[in-house]
Amino acid sequence: MNKSTPMCSECSTKMQRGTTVFEYRDNGIQISIPYVPAWVCPTCGEVSFTPKTTDQLIETLRELVATAKKARQRQPLLREYLVKVA
Ligand SMILES: [Zn+2]
């Protein structure tokens, strides 16, 4: 049943399902995506994502960076946004 559970690439411990906060910082833009589903190593804290999650992270990040850059061009009075998708 758990045969698809990955082992930690750093210390070879069996990883556990959990969530992590994905942080991105570049050139004055800061993006934080909390509650990203991930495999987490209980021993060393190494985190890995499934390919599907990785794809969604990359796509979401690309959209958010574009939004942030656009917002910066209008010298924003609003500097921080919290967006949730049900
Ligand atoms: Zn580990």
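Ligands are counted one by one from 1 in listed order, and the atoms in each one are counted from 1 as well. Everything quoted here is computed from the prediction, not taken from an experiment.
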Gap between atom CZ of R62 and atom CD of E59 - 0.5 Å precision: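 These two atoms lie 7.0 Å from each other.
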OG on S48 to CD on E10, rounded to 0.5 Å: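 Spacing of CD (E10) from OG (S48) equals 11.0 Å.
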Path from W39 to V21 over hydrophobic side-chain contacts below 4.5 Å: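 Different clusters.
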Verify same cluster id: M15, M7 (apolar side-chain graph, 4.5 Å):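 No: no chain of side-chain contacts under 4.5 Å links M15 to M7.
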Residues E46, S9; criterion side-chain contact (heavy atoms from CB on, under 4.5 Å); working and verdict: CA-CA 8 Å; E46 178 75 7; S9 61; 3.9 Å; yes
For the Zn ion (ligand 1): protein N/O/S atoms at distances below 2.8 Å: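 Total protein N/O/S atoms under 2.8 Å from the Zn ion (ligand 1): 4.
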Validation row: Y24, V65 side chains within 4.5 angstrom (heavy atoms):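 They are in contact (side-chain heavy atoms under 4.5 Å apart), so the answer is yes.
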